[in-house]
*Asks:* 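This is the structure, below, for whatever I ask next.
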Amino acid sequence: MIDVRELKTRTEEIRKNIENRFMNVDLDQILADQDKRSALMQETETLRAKRNENAQKMKGKLDSDARKALIDEGKAIKDKLTEVEAEFNEIDKKFMDEARTIPNYTHPDAPIGKEDKDSLAIKFFGEPTKFSFKAKDHVQLGEELDILDFDNGAKVAGQKFYYIKNKGVILQMALERYAMDIVVKHGFTPFITPDIAKEEILNGIGFNPRGAESNIYTIEGTGTCLVGTAEITLGGYYSGEIIPKDKLPIKMTGLSHCFRREAGGAGQYSKGLYRVHQFSKLEMFIYCLPEESDKYHQEILSIEEEIFQGLGLPYRIVDTATGDLGAPAYRKFDIEAWMPGRGDEGEYGEVTSTSNCTDYQARSLNIRYRDDDGKPKFVHMLNGTAVALSRAIVAILENYQNEDGSITIPPALVPYCGFDRITK
RNA sequence: GGAGAGAUGUCCGAGUGGUCGAAGGAGCCGGACUCGAAAUCCGGUGUAGUGCUUUGCAUUACCGAGGGUUCGAAUCCCUCUCUCUCCGCCA
């Protein structure tokens, strides 16, 4: 969340930012509740001070009349305090819930706009793949090659679940190792993380586990959820801690399963592996000093490029428009790989996403470092996809297909696969 | 899953209702001593809020988390989380 003290000092900036992001946040209501909360907080503290003073007076020996008078006074204070505290707690919860809905500030260079199409393509790599034959999509390719099985996935687990089979399994493992090797080479510590996290961690990262529109599976009666990304488990790793400054930056990379409800996510653009309830992903995560987060955001993006360039996949980089940024993100870059089977004649489809969340998550999760002045300060936190296995497989199958329906393995993956072609 | 033990400041550790924001020790910072260092001695040293006459003063909260009892809770009661030991089960 943002620093609520800045509601007073940066009011108009916050108001404008909410507008730019096209969010439904009633800032005036929040400001009014903040004033109410403030007044009740002071009243509560005054009463507590009186209570403490009253208790202090009773430490020594007293005659019974004096003691009784003090006890009566204490009781009266207690009754009043109980009442005021209840009022304060109510407005405090309301205010904090409201304040949490305020989005992070936005990088001044992020394009302003409401939708996908307002995002800015800032770089292209390669040319969209051309075929001398009619290109198939990955669903058809995968089923004909017997490496993807959606029908039995649906039968056993439900719609949008799938089995990966045969050389498809090896291809996914090869991709994992390929990406892992590149990321580790750049100094990231590898992790395999839990696939489950507590709701408080989800909330701190900026995911809402509740509500009809939530993308998160909650596990009934446990206070935990299935993670939608290792961003959650990597970002929760240092929650509540003060990190020594000389340990920063901390670079982590985590492999996890990702579970997403994707309610209402059906349709042509979501078919096959593109949008599924479960997939595996290798995620990068960085904790760093505030002044360095822009730099590390670029570093994550360049590692993502290295991974996709190494695979020989054409892609473009998109600077996400304000209206499409998640609340925690200060700025976000997506890599969209060319997917020949998408739409009628192929389209770019998102394969990675990297966000600089500045101190927004760190404040909610209370993750700080000790600065040179001895004071703890919030770290900046960044995340980025190294490789989302399901979507990378979409791009590989569709770009590396041959006329006979076989798939050529990208050269960089051959050493990891042990074969160079998938055939019927 | 069952039984038991535990969780206190940067760390170790004392504390079973008021004199406890918390003994003692270690560490760290400053000073004395020293040619310098070590040892020794002296002083300081948590976090997050709030208010104000804002490089300070006052005040509130924080002893795993949340609730309760009480005029008053680190201390008593309840729930939960985590750690350790033993048993069970298991990859």
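Order of the sequence lines fixes the chain letters, A, B, ..., with proteins taken first and strands second; residue numbering starts at 1 for each chain.
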*Asks:* Would you give the length of the straight line joining atom CZ of A:Phe88 to atom NZ of A:Lys36, rounded to the nearest 0.5 angstrom?
*Replies:* 13.5 Å
*Asks:* Please work out which of the three classes, parallel, tilted or perpendicular, describes the rings of A:His277 and A:Phe161, given edges at 30° and 60°.
*Replies:*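 Because their plane-to-plane angle lies in the 30° to 60° range, the rings of A:Phe161 and A:His277 count as tilted.
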*Asks:* Can you check whether any acceptor in the base of B:rG72 is under 3.5 Å from a donor in the side chain of A:Gln56, or vice versa?
*Replies:* no
*Asks:* Could you give the distance separating B:rC63 and B:rG15 at their C1' atoms, to the nearest angstrom?
*Replies:* 10 Å
*Asks:* Would you give the length of the straight line joining atom CG of A:Leu255 to atom NZ of A:Lys281, rounded to the nearest 0.5 angstrom?
*Replies:* 9.5 Å
*Asks:* What is the distance from atom CG of A:Asn383 to atom CD1 of A:Ile300, rounded to the nearest 0.5 Å?
*Replies:*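 So the gap between those two atoms works out to 7.0 Å.
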*Asks:* Which nucleotide, in any strand shown, forms a Watson-Crick or G-U wobble pair with B:rU69, with both distances under 3.5 Å?
*Replies:*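 For B:rU69, the partner nucleotide comes out as none, under the 3.5 Å rule.
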*Asks:* Need the pair for B:rA58. Rule: Watson-Crick or G-U wobble, both distances under 3.5 Å, any strand; none if unpaired.
*Replies:*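 In the structure as shown, B:rA58 has B:rU50 as its Watson-Crick or wobble partner.
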*Asks:* Would you indicate which nucleotide in B:rC71, B:rU47, B:rG49 comes nearest to any side-chain atom of A:Asn54?
*Replies:* B:rC71
*Asks:* Decide whether a cation-pi geometry holds between A:Lys167 and A:Phe419; the criteria are a distance under 6.0 Å from NZ or CZ to the six-membered ring centre and an angle within 45° of the ring axis.
*Replies:*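 A:Lys167 over A:Phe419 ring: yes.
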*Asks:* Does a side-chain N or O from A:Asn52 land closer than 4.0 Å to OP1 or OP2 of B:rG72, or not?
*Replies:*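 Checking B:rG72 against A:Asn52, no side-chain N or O comes under 4.0 Å of OP1 or OP2.
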*Asks:* With both distances under 3.5 angstrom, what nucleotide forms a Watson-Crick or G-U wobble pair with B:rG1?
*Replies:*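 B:rG1 is paired with B:rC87.
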*Asks:* Within the structure shown, what part of the strands sits under 4.0 Å from A:Arg67 by heavy-atom distance: base, sugar-phosphate, or nothing?
*Replies:*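 The answer is base, as A:Arg67 lies within the cut-off (heavy atoms under 4.0 Å) of a base atom.
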*Asks:* My understanding is that a pair needs two contacts under 3.5 Å, Watson-Crick or G-U wobble. By that rule, which nucleotide pairs with B:rC82?
*Replies:* B:rG6
*Asks:* Categorize A:Arg37 for me: base, sugar-phosphate, or nothing, with a 4.0 angstrom heavy-atom threshold over every strand shown.
*Replies:* nothing
*Asks:* Quick test of your reading of the model: are A:Arg15 and A:Glu19 salt-bridged, counting only N-O distances below 4.0 Å?
*Replies:* no
*Asks:* Regarding A:Asp72, tell me which of base, sugar-phosphate or nothing describes its non-hydrogen contacts under 4.0 Å with the strands shown.
*Replies:* nothing
*Asks:* According to the Watson-Crick and G-U wobble definitions, with both distances under 3.5 Å, which nucleotide is paired to B:rA14?
*Replies:*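 Paired with no nucleotide.
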*Asks:* Which nucleotide in the set B:rC71, B:rA61, B:rU50 lies at the smallest distance from any side-chain heavy atom of A:Arg51?
*Replies:*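 Of all the options, the side chain of A:Arg51 is nearest to B:rA61.
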*Asks:* Between protein and nucleotides 77-82 of chain B, what N or O pairs are separated by less than 3.5 Å?
*Replies:*
none

*Asks:* For RNA chain B, whose closest nucleotide is more 5', that of A:Gly74 or that of A:Lys50?
*Replies:*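 With A:Gly74 and A:Lys50 compared, the 5'-side residue is A:Lys50.
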*Asks:* Below 30° counts as parallel, above 60° as perpendicular, anything between as tilted: where do the rings of A:Tyr287 and A:Tyr238 land?
*Replies:* perpendicular
*Asks:* A:Phe95 has an atom CZ; how far is it from atom C1' of B:rU50, in whole Å?
*Replies:* 14 Å
*Asks:* Under 4.0 Å between a Lys/Arg side-chain N and an Asp/Glu carboxylate O for A:Asp137 and A:Arg342?
*Replies:*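 No, this pair does not count.
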*Asks:* Please pick, from B:rU60, B:rU50, B:rC71, the nucleotide with the shortest atom-to-atom distance to any side-chain atom of A:Ala49.
*Replies:*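 Of the candidates, B:rU60 comes closest.
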*Asks:* Taking only the side-chain heavy atoms of A:Met58 (C-beta and beyond), determine which of B:rG51, B:rG49, B:rC71 contains the nearest atom.
*Replies:* B:rC71
*Asks:* With a 3.5 Å limit on both atom pairs, tell me what B:rC63 is paired to, counting Watson-Crick and G-U wobble, or say none.
*Replies:* none
*Asks:* Which residue lies toward the 5' end of RNA chain B, A:Ala55 or A:Pro376, if each is placed at its nearest nucleotide?
*Replies:* A:Ala55
*Asks:* Quick check for you: among B:rG49, B:rC71, B:rU60, whose closest atom lies nearest to any side-chain atom of A:Arg5?
*Replies:* B:rG49
*Asks:* Just name whichever nucleotide pairs with B:rG43, Watson-Crick or G-U, keeping both distances under 3.5 Å, else none.
*Replies:* B:rC29
*Asks:* Indicate, with a heavy-atom threshold strictly under 4.0 Å, whether A:Lys78 touches base, sugar-phosphate, or nothing.
*Replies:* base
